[in-house]
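Only one structure is covered here, and it is reproduced in the block below.
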Protein chains: 2
Amino acid sequence: MEGTGYDIKRLFEATFSHFHSASYGSIYPALGQLQQEGLISLRVEQGARYPDRKVYSITEAGRQAFVSELTQTAPSEQLRSELLVLTFFAHLLPGERLAQVLDQAARQYRESLTYLESVRDHPSHSAGIRFTIDMGIASLRAKLECLSTGRDALLAGHLTPPRIDTEEATCDA
Amino acid sequence: MEGTGYDIKRLFEATFSHFHSASYGSIYPALGQLQQEGLISLRVEQGARYPDRKVYSITEAGRQAFVSELTQTAPSEQLRSELLVLTFFAHLLPGERLAQVLDQAARQYRESLTYLESVRDHPSHSAGIRFTIDMGIASLRAKLECLSTGRDALLAGHLTPPRIDTEEATCDA
DNA sequence: TCGAACATGTAAAAGGTTACATGATTAC
DNA sequence: GTAATCATGTAACCTTTTACATGTTCGA
């Protein structure tokens with residue numbers, strides 16, 4: 001339960017990336033504030049190598065505040081998918097662009113999926129972390145399947161003028 | 001292709017809700033700005049009933065700008081799930097709280113799913129819209145399945161002290 | 001030697017929500 | 001009569017990202 005701002009950034013990129021993100025611009029100020037509030041403590045490592053490391057650890061007060069926060073707040077969930085905005089207006093787009101975007105999305109999903117699958121069985125992972133990863137995996141697989149099932153219907157309905165009730169995207173079955 | 005700010009809000013709530021959201025605080029200023037830029041035009045309906053309606057329509061310039069926007073930007077996707085943050089730290093939480101949160105999430109997912117399934121086959125929906133809905137449906141179903149499969153493992157691993165390598169969340173199989 | 005990784009931070013700008021302020025109408 | 005729906009908007013606030021600024025060390 002200790003680490004630097006840099007470590008936190010890496011943690012976000014490695015383990016949180018499929019459900020949360022944070023940049024240095026929010027991490028470093030937050031660490032400073034938490035320290036002032038006594039929720040984390042600071043130890044400076046003046047290593048011979050690299051710049052000074054500011055290693056933060058959570059305090060007992062911090063742990064309590066964290067658990068209290070997790071316990072009190074109703075968990076919200078927000079997503080903002082420009083991919084789906086795009087497909088929503090698929091009829092306005094040139095078919096090539098649409099195909100390109102769908103394929104690019106599939107590639108990214110596959111990449112994320114591969115990554116999550118590769119880290120899933122790390123023995124150091126708690127059940128909670130594994131569950132979190134499983135949710136990501138399940139969701140990605142579903143989206144990939146939907147993408148591959150719906151792709152042709154989307155592109156086909158595209159070459160004809162946008163007739164609304166002739167084609168079927170059979171992802172849902 | 002015309003409507004009021006109020007209509008847009010409803011559209012977001014009804015059709016966009018599973019992948020985007022917007023509040024009046026962003027819709028109304030945006031409409032004002034778009035109008036000044038000539039991308040949408042304004043017609044005021046002084047109906048006998050209700051306050052004046054400001055009905056906006058997209059202009060030809062606006063349509064071009066919109067398509068251009070959709071074509072140029074690489075679609076980003078960001079989600080922020082406090083539910084998964086919570087499960088990530090499941091070992092810190094009292095079991096009751098965890099169960100309550102998981103069940104609440106399942107309820108919300110089921111509700112969204114029911115809604116999406118109910119609107120999916122509207123004949124007025126284009127293939128693009130249907131695809132968008134299908135992605136939502138697929139994703140929700142996967143998450144629900146993962147929730148129900150993983151729930152017991154998460155809660156079971158919970159009563160014992162957080163031993164890390166004894167339990168299995170078998171959502172991924 | 002050159003790029004990636006290590007390491008910290010700030011300031012400005014962007015983007016968004018919440019809460020407020022107002023008021024008619026319609027359905028129960 | 002009272003709640004929901006219709007309808008518009010602003011201002012303050014909050015959160016977050018982006019871009020900047022700086023410098024070392026390690027591996028190829």
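Below, all heavy atoms of this structure are taken into account, side chains as well, without hydrogens, waters or symmetry copies. Numbers restart at 1 for each chain; the letters A, B, ... are given by sequence-line order, proteins then strands.
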Whole Å only: how far is the [atom1] atom of [X] from the [atom2] atom of [N]?
X: B:E13; N: D:dT5; atom1: CD; atom2: P; answer: 10 Å
X: B:I27; N: D:dT10; atom1: CD1; atom2: P; answer: 14 Å
X: A:R10; N: C:dA7; atom1: CZ; atom2: C1'; answer: 10 Å
X: A:F16; N: D:dT16; atom1: CZ; atom2: P; answer: 13 Å
X: B:Y6; N: D:dT5; atom1: OH; atom2: P; answer: 7 Å
X: A:L34; N: D:dT15; atom1: CG; atom2: P; answer: 12 Å
X: A:K9; N: C:dT8; atom1: NZ; atom2: P; answer: 12 Å
X: B:Q46; N: D:dA7; atom1: CD; atom2: P; answer: 14 Å

Indicate yes or no for a side-chain donor-acceptor contact from B:H18 to the backbone of B:T132 under 3.5 Å, with no hydrogens or angles considered.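 Checking the backbone N and O of B:T132 against the side chain of B:H18, a donor-acceptor pair under 3.5 Å is found.
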Using a distance-only test with no angle check, is there a side-chain donor-acceptor pair under 3.5 angstrom linking A:R80 and B:S76? no
Pairing residues for B:Q104 by the side-chain contact (heavy atoms from CB on, under 4.5 Å) criterion, not counting sequence neighbours: B:R107, B:Q108
Would you please classify the geometry between the A:F12 ring and the A:F16 ring as parallel, tilted or perpendicular, with 30° and 60° separating the classes?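 Tilted.
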Are B:F88 and A:F131, when compared by the centres of their aromatic rings, separated by less than 6.0 Å?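 Centroid distance B:F88-A:F131: not below 6.0 Å, so no.
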Protein within reach of the bases, or only the backbone? For nucleotides 10-18 of chain C, mark each nucleotide 5' to 3' as B, S or -, using heavy atoms under 4.0 Å. B-----SBB
Salt bridge between B:K54 and B:E45, side-chain N to carboxylate O under 4.0 Å? no
Out of C:dA7, D:dA7, D:dG9, which has the shortest distance to the side chain of A:R53?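 Looking only at side-chain atoms, A:R53 lies closest to C:dA7.
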Any B:T4 side-chain nitrogen or oxygen under 4.0 Å from OP1 or OP2 of D:dT8: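 So the side-chain polar atoms of B:T4 do come within 4.0 Å of the phosphate oxygens OP1 or OP2 of D:dT8, strictly under.
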